[in-house]
Amino acid sequence: MYKILKAEMLADKIYLMDVEAPRIAKACQPGEFVIVKMDDRGERIPLTICDYDREKGSITIVFQTVGASTEKMAELKTGGSFADVVGPLGNASEFVHEDIEELKNKKYLFVAGGVGTAPVYPQVKWMREHGIDVDVIMGAKTKDLLILEDAMREQAGNLYVTTDDGSYERKGLVTEVIKDLVQNQGKKYDVCVAIGPMIMMKFTCLVTKELGIPTVVSLNPVMVDGTGMCGACRVTVGGEVKFACVDGPEFDGHLVNFDEAMKRQMMYKSEEGRAVLKERE
Ligand code: NAD
Ligand code: FES
């Protein structure tokens, strides 16, 4: 059993949990994910690791309730436990394998959208730990849905917060901030890492392509079982078929066929919807 050391609600339908998992905490790297199961017969839920404490032997996961299983998961409290937590899975972010001195010469821009802020956080923290200052844009629909702002502010070189409705800081989408930074403020970036809803990653990639900034995206949202078995996460990247859970989750965003990936995600959503209805019968 994997004990829940802390469970808290970050915003409406968004939850954070610290889970005791010493072996995963010791080995994990930014970009990797875990699969959690509430009980032996429970659904396998893939979640990106949001933080880890190697000394304490714990990992942090953040999730949004989107269906029957995650709604059940949200009911778990501090002191409760998961039947299983498997990981770390997937490939770590590419930069963790790069030469640190070369990395220091590159300017990174991280774009975090909504719940996607959680997987961006360990990457930004890793950069800070290695002495690299990065710029971060965080976007949320409204002030109340903004998560991990203070934690991110501690790790980011510059943090730009924007809300769709203008209820906090800037008003507008993350893509507008990217354009503003590059076109009006003269910022130059060598790499952009964009993580959030598929639609955000799609439009971010259209903007960064125009601006000539290579962009990495995380296709975690299309995963279902996270094992390479169900085929749900099949995506086309540069004309080649890839599986997000095995070959990713991170890919060159300029090569991803987002429209196809989003169609697949919708199919899964309707199944999730059916599962919720069944659960409530
Ligand atoms: P959201 O809908 O509130 O969007 C977050 C931000 O993305 C917005 O504030 C906006 O700035 C930007 N955005 C949205 N649509 C845009 C568009 N058309 N053009 C430009 N920018 C746009 O986000 P949410 O409700 O928190 O998102 C939940 C989604 O995030 C889920 O679908 C989940 O699958 C996904 N998610 C992704 C990852 C990942 O690894 N990529 C991780 C966790 C969650
Ligand atoms: Fe099932 Fe990748 S999530 S194959």
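First listed ligand is number 1; within each ligand, the first listed atom is number 1.
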Do D12 and L145 come within less than 4.5 Å of each other through their side chains, counting heavy atoms only? yes
Distance col, row D180:CG vs I178:CD1, nearest 0.5 angstrom, shows 11.0 Å
Counting C-beta onward and ignoring hydrogens, is there a side-chain heavy-atom pair between Y168 and E149 closer than 4.5 Å? yes
Of the backbone atoms (N, CA, C, O) and the side-chain heavy atoms from C-beta on, which set of V115 has a member under 4.0 Å from an atom of ligand 1: side chain, backbone, both, or neither? both
Are any of the side-chain heavy atoms of Q123 and Q29 separated by less than 4.5 Å? no
Closest to atom 35 (C) of ligand 1 (judged by heavy-atom distance), picking from G113, G116, G196: G196
For M201, is the nearest heavy atom under 4.0 Å from an atom of ligand 1? yes
Residues S58 and D18: side-chain donor-acceptor under 3.5 angstrom: no
More than 12 heavy atoms of other residues, nucleotides or ligands under 6.0 Å from NZ of K209: is that the case? no
Among M198, M223, Q64, K141, which one puts a heavy atom closest to atom 1 (P) of ligand 1? K141
Out of M138, K13, M200, who is nearest to atom 16 (C) of ligand 1 when you count heavy atoms only? M200
Polar protein atoms near atom 2 (Fe) of ligand 2 [N, O or S; cut-off under 2.8 Å]: C233 SG, C245 SG
State whether the shortest distance between N or O atoms of A140 and N or O atoms of ligand 1 falls below 3.5 angstrom. yes
Within-4.5 Å side-chain heavy-atom neighbours: D225 and M229: yes
Could you walk me through whether V34 and I59 pass side chain to side chain contact (heavy atoms under 4.5 Å, CB included), step by step? CA-CA 10 Å; V34 289; I59 58 166; 3.9 Å; yes
At less than 4.0 angstrom from any non-hydrogen atom of I199, what atoms of ligand 1 do you find? 15 (N), 18 (N)
What I'd like to find out is whether the side chain of E176 reaches to under 4.5 Å of the side chain of T162, using heavy atoms alone. no
Quick note on ligand 1: atoms under 4.0 Å from a heavy atom of G114 include exactly 5 (C), 23 (O), 26 (O)
